[in-house]
There are 2 protein chains.
Amino acid sequence: MTRKNRGAPPTNESRTWVPVTIRDVAKVAGVSTGTVSNVLNRPDIVAEATRRRVLEAVETTGFIRNTQAYQLRGGRSHTVGVVVLDVSNPFFTEMFRGAESSLQAEGYVLMLASTDDSVEREASFVRAMEEHRVEGILITPAAADLEGLAGLRTRGVPTVLLDRKAAADEFCSVTVDDVRGGELAARHLFDMGHTRIVFFNGPTTIRQCRDRRQGVRKAVRALSKRSPREASELSVGALTVRHGEEVVERILSMVPRPTAVMCANDLLALGVLRGLASRDVRVPEDLAVVGYDDLIFGSMLSPALTSVRQPAFELGVAAAELLLDEVRNPEHRHREVRFEPELVVRASSSTAP
Amino acid sequence: MTRKNRGAPPTNESRTWVPVTIRDVAKVAGVSTGTVSNVLNRPDIVAEATRRRVLEAVETTGFIRNTQAYQLRGGRSHTVGVVVLDVSNPFFTEMFRGAESSLQAEGYVLMLASTDDSVEREASFVRAMEEHRVEGILITPAAADLEGLAGLRTRGVPTVLLDRKAAADEFCSVTVDDVRGGELAARHLFDMGHTRIVFFNGPTTIRQCRDRRQGVRKAVRALSKRSPREASELSVGALTVRHGEEVVERILSMVPRPTAVMCANDLLALGVLRGLASRDVRVPEDLAVVGYDDLIFGSMLSPALTSVRQPAFELGVAAAELLLDEVRNPEHRHREVRFEPELVVRASSSTAP
DNA sequence: AGTGATACTTGACACGTTTCAATCAGTGGA
DNA sequence: TCCACTGATTGAAACGTGTCAAGTATCACT
């Protein structure tokens with residue numbers, strides 16, 4: 001009934017701040033709660049004088065609207081969940097920035113979680129976000145199948161897959177054509193005059209790795225019609241710098257020795273470059289190197305790294321647009337927005353063998 | 001019957017999901033809502049048979065607890081806000097990962113926002129987070145003063161400053177000793193036998209830049225007692241690669257020419273390296289280079305970049321711990337957790353002049 | 001059978017907000 | 001003076017959950 005200490009000035013020592021409600025504001029302004037609510041939500045229908053009085057009361061009391069109550073009453077949560085595989089990977093943070101830029105403009109706050117490839121963690125985050133009644137979820141699924149996301153679909157939580165395709169009636173998705181990317185990189189090396197290259201791949205359980213491999217093979221098949229081309233394949237357990245560095249030995253001992261190596265991502269390529277530098281193998285004269293992802297740091301190396309650029313920021317923007325459409329448009333249809341990768345040629349591959 | 005409806009692809013129209021409440025579960029299980037609540041929150045006090053029946057009903061209905069209602073009733077939001085200057089900066093994402101690792105274990109979900117140095121954006125995010133009743137906020141303030149955060153303090157929202165010190169009675173904070181870091185780097189160069197170095201700084205409006213400069217001056221003062229040491233200071237408007245590259249000309253034209261340059265961060269250093277490479281100046285023989293931040297990519301350059309490492313991940317962990325203490329411990333006292341930077345010596349500075 | 005104790009279950013209320021039908025005050029017209 | 005009308009304000013209901021005093025059923029023991 002009578003609240004303790006309402007409006008008492010908070011001292012540094014005693015943290016006796018009691019949340020101020022719309023009722024407190026009403027009391028101070030000498031109006032009803034309904035009027036306060038109207039001032040906040042439909043200022044036009046309330047008389048000028050009252051409005052001023054209420055706003056003043058809001059100011060003096062330091063009122064901050066309680067979103068939970070608002071939402072419970074039927075309002076929207078203005079929250080979107082984002083679930084990625086790894087926040088420390090620049091590709092994902094760029095995507096996040098893209099999504100953020102679109103969604104913040106619409107008044108949304110983003111919840112971010114990083115699964116580190118763990119299906120269990122993913123499930124737990126998605127669960128938590130559903131409990132928070134997020135209006136939608138952007139997600140890079142950790143598992144190969146989409147079984148774990150079935151609940152989202154049946155419960156009608158708007159969901160957009162990031163860098164992962166889904167069947168048309170399941171989810172919206174934004175993707176990059178990895179087959180095309182692999183093809184671009186391989187073609188470039190062949191065009192530069194290389195005939196024997198190595199495709200240095202990551203684990204083929206990862207879809208991106210499979211697709212890029214397929215692109216490389218496609219390029220080999222297409223170009224071999226004129227003159228023989230060859231791409232040996234080499235695969236390691238993870239897409240890290242360390243794995244890249246460790247495999248250099250194997251590449252150099254191949255007979256006949258390849259003249260170029262195409263890496264499944266930039267981290268592998270950075271490792272390769274490091275390994276080569278320590279063995280005094282010149283790049284690109286002795287061995288040309290191409291990466292994938294176009295991390296900003298690749299351009300600062302000497303030689304600068306040729307790479308396949310993925311429009312991460314734009315991916316995020318597109319995902320946000322799809323989500324907003326699904327949230328607002330009753331006639332929304334799921335669809336896939338597919339981006340084209342782009343080859344960025346730099347010094348590490350610009351000399352003919 | 002159970003086939004998908006091929007004729008009409010699904011639109012939003014067919015999303016006939018109505019939110020399942022605790023009341024629906026109660027009806028299905030044939031008990032009261034109170035019992036369902038008990039099963040969910042204090043399973044021990046409800047009879048085995050009833051509990052099983054209720055859990056089964058939860059399963060079949062697909063019930064997901066509404067956090068807003070829970071919280072409105074007096075529960076906690078299990079949400080923490082994180083506000084950083086730039087999500088695409090690896091330093092901040094590492095810090096985020098650190099905080100995430102601690103907070104997720106405690107069942108918290110994180111809201112992330114990136115201010116891009118804008119005080120207005122910061123204010124708007126903090127406001128939104130307060131409306132969401134986050135239990136606490138980790139923030140890298142955009143403004144020089146902490147005026148904009150005064151509201152957080154008076155309202156008693158637990159807040160921890162990231163990489164920014166506050167007066168003892170204001171907020172908790174986690175920081176790295178930038179004075180010490182600047183001193184470490186400068187001392188290292190002097191110890192290697194350099195006597196005339198350049199301190200290549202960013203804008204001194206940034207606290208970190210001021211502190212690092214102070215460290216450099218301290219090293220000069222201390223070591224000059226034996227034999228003369230000198231550090232010219234040079235400052236540019238932003239800590240970017242481009243600014244680093246552009247300033248190379250000025251450094252090379254100094255008379256007498258310095259033998260080493262210490263940069264206020266790694267991005268500047270990367271730019272300097274690039275500029276030097278294009279002018280055939282050898283590193284470290286002609287000019288030694290030291291950076292700050294120890295971005296992972298600096299170690300991959302040749303020559304690899306000497307740098308001052310900041311324990312970003314640990315910073316995040318510490319911030320989370322401070323926040324949790326402030327949230328849970330009634331006798332919490334604000335304090336500063338200060339980390340020591342660490343010099344990582346690599347090839348770019350390992351030769352005497 | 002009566003008594004008390006034990007073990008569950010119930011149902012109303014509170015949380016802070018929005019909404020909406022109802023009320024009130026004021027104005028102008030007849 | 002009465003009526004109709006407009007514009008402004010009110011007050012109570014509802015959202016989904018957790019709590020807790022009060023209730024019921026069951027059982028053991030005399």
Side-chain angles (χ1 to χ4, degrees), chain A residues 1-4 6-7 17-55 57-58 61-79 128 130-134 155, chain B residues 17-55 57-58 61-79 128 130-134 155:
Chain A
M1 172 68 62
T2 54
R3 295 181 181 228
K4 284 185 282 186
R6 262 307 148 78
W17 174 259
V18 231
V20 17
T21 78
I22 209 175
R23 211 134 40 203
D24 302 314
V25 176
K27 197 176 299 177
V28 171
V31 297
S32 76
T33 63
T35 299
V36 177
S37 178
N38 281 335
V39 169
L40 263 30
N41 302 298
R42 306 131 83 186
D44 43 305
I45 73 160
V46 33
E48 168 69 16
T50 337
R51 194 192 329 163
R52 269 216 316 277
R53 204 148 32 95
V54 169
L55 286 177
V58 166
T61 55
F63 169 75
I64 291 192
R65 177 238 234 121
N66 184 327
T67 306
Q68 341 299 335
Y70 160 76
Q71 192 190 157
L72 187 57
R73 187 59 183 73
R76 319 210 116 272
S77 74
H78 294 296
T79 302
E130 279 199 84
E131 292 190 351
H132 277 279
R133 296 294 188 271
V134 293
R155 259 168 254 123
Chain B
W17 174 261
V18 255
V20 175
T21 79
I22 210 176
R23 212 135 38 206
D24 302 317
V25 176
K27 197 177 297 176
V28 170
V31 296
S32 75
T33 63
T35 300
V36 176
S37 178
N38 281 336
V39 169
L40 263 30
N41 302 297
R42 308 133 83 186
D44 43 306
I45 73 160
V46 32
E48 168 70 17
T50 332
R51 194 195 326 165
R52 269 217 315 278
R53 204 147 33 95
V54 169
L55 287 177
V58 166
T61 54
F63 169 75
I64 289 191
R65 176 238 235 119
N66 185 328
T67 306
Q68 344 298 339
Y70 161 76
Q71 192 191 160
L72 187 56
R73 185 57 185 73
R76 318 208 116 274
S77 74
H78 294 296
T79 302
E130 279 200 86
E131 293 190 350
H132 278 279
R133 296 293 189 270
V134 293
R155 260 167 254 125

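Just so it is clear, the values below take in all heavy atoms, side chains as well, and ignore hydrogens, waters and symmetry mates. Note on naming: letters A, B, ... go to the chains in the order of the sequence lines (proteins, then strands), and numbering restarts at 1 for each one.
A side-chain contact (heavy atoms from CB on, under 4.5 Å) with Arg53(A) is found for one member of Val39(A), Val31(A), Thr35(A), Val58(A) and no other, namely Val31(A).
Contact annotation: Asn66(B) side-chain N/O to dT17(D) OP1/OP2 distance is not under 4.0 Å. For Thr35(A), a side-chain nitrogen or oxygen approaches OP1 or OP2 of dT10(D) to under 4.0 Å. For Arg65(A) and dT18(C), the shortest distance from a side-chain N or O to OP1 or OP2 is below 4.0 Å. At dG16(C), none of the side-chain N or O atoms of Thr21(A) fall inside 4.0 Å of OP1 or OP2 (strictly under the cut-off).
Atom CZ of Arg42(B) and atom P of dT9(C) are 13 Å apart (whole Å). Atom P of nucleotide dT17(C) and atom NZ of Lys27(A) are separated by 13 Å, given to the nearest angstrom. Distance CZ (Arg52(A)) to C1' (dA8(D)): 16 Å, rounded to an integer number of Å. Leu40(B) places its CG atom 11 Å from the P atom of dT19(D), with the value rounded to the nearest Å. In this structure, CD1 of Ile22(B) is placed 11 Å from P of dG16(D), rounded to the nearest angstrom. Distance, Gln71(B) CD to dT19(D) P: 14 Å, rounded to whole Å. Atoms CG (Asn41(A)) and P (dG16(C)) sit 17 Å apart, rounded to a whole Å. Atom pair Arg51(A):CZ and dA8(D):C1' shows a separation of 12 Å (rounding to whole Å applied).
Within the 4.5 Å cutoff, side-chain heavy atoms of Glu48(B) are placed close to those of Arg52(B).
Comparing Arg53(B) and Arg133(B) by the nucleotide of DNA chain C whose heavy atom lies nearest to each, the residue mapping closer to the 5' end is Arg53(B).
Proximity note for Tyr70(A) (side chain, C-beta onward) versus dT17(D), dG18(D), dT17(C): the nearest is dT17(C). Looking at the side chain of Ser32(B), the nearest of the listed nucleotides dG11(C), dT10(D), dG16(D) is dG11(C). The Arg73(A) side chain lies nearest to dT17(C) when the options are dG16(D), dT19(D), dT17(C). Comparing dG18(D), dT18(C), dC15(C) by their nearest atom to the side chain of Thr33(A) picks out dT18(C).
Using a 4.0 Å heavy-atom distance criterion, Arg23(B) is classed as a base contact. Residue-level contact check: Thr50(A) touches the backbone only, with heavy atoms under 4.0 Å from sugar-phosphate atoms and none from bases.
For the pair Gln68(A) (side chain) and His132(B) (backbone), a donor-acceptor distance under 3.5 Å is present. Between the side chain of Thr33(A) and the backbone N or O of Arg23(A) there is no donor-acceptor pair closer than 3.5 Å.
The heavy-atom pair separating Val25(A) from Val36(A) by the smallest distance is CG1-CG1, 3.9 Å.
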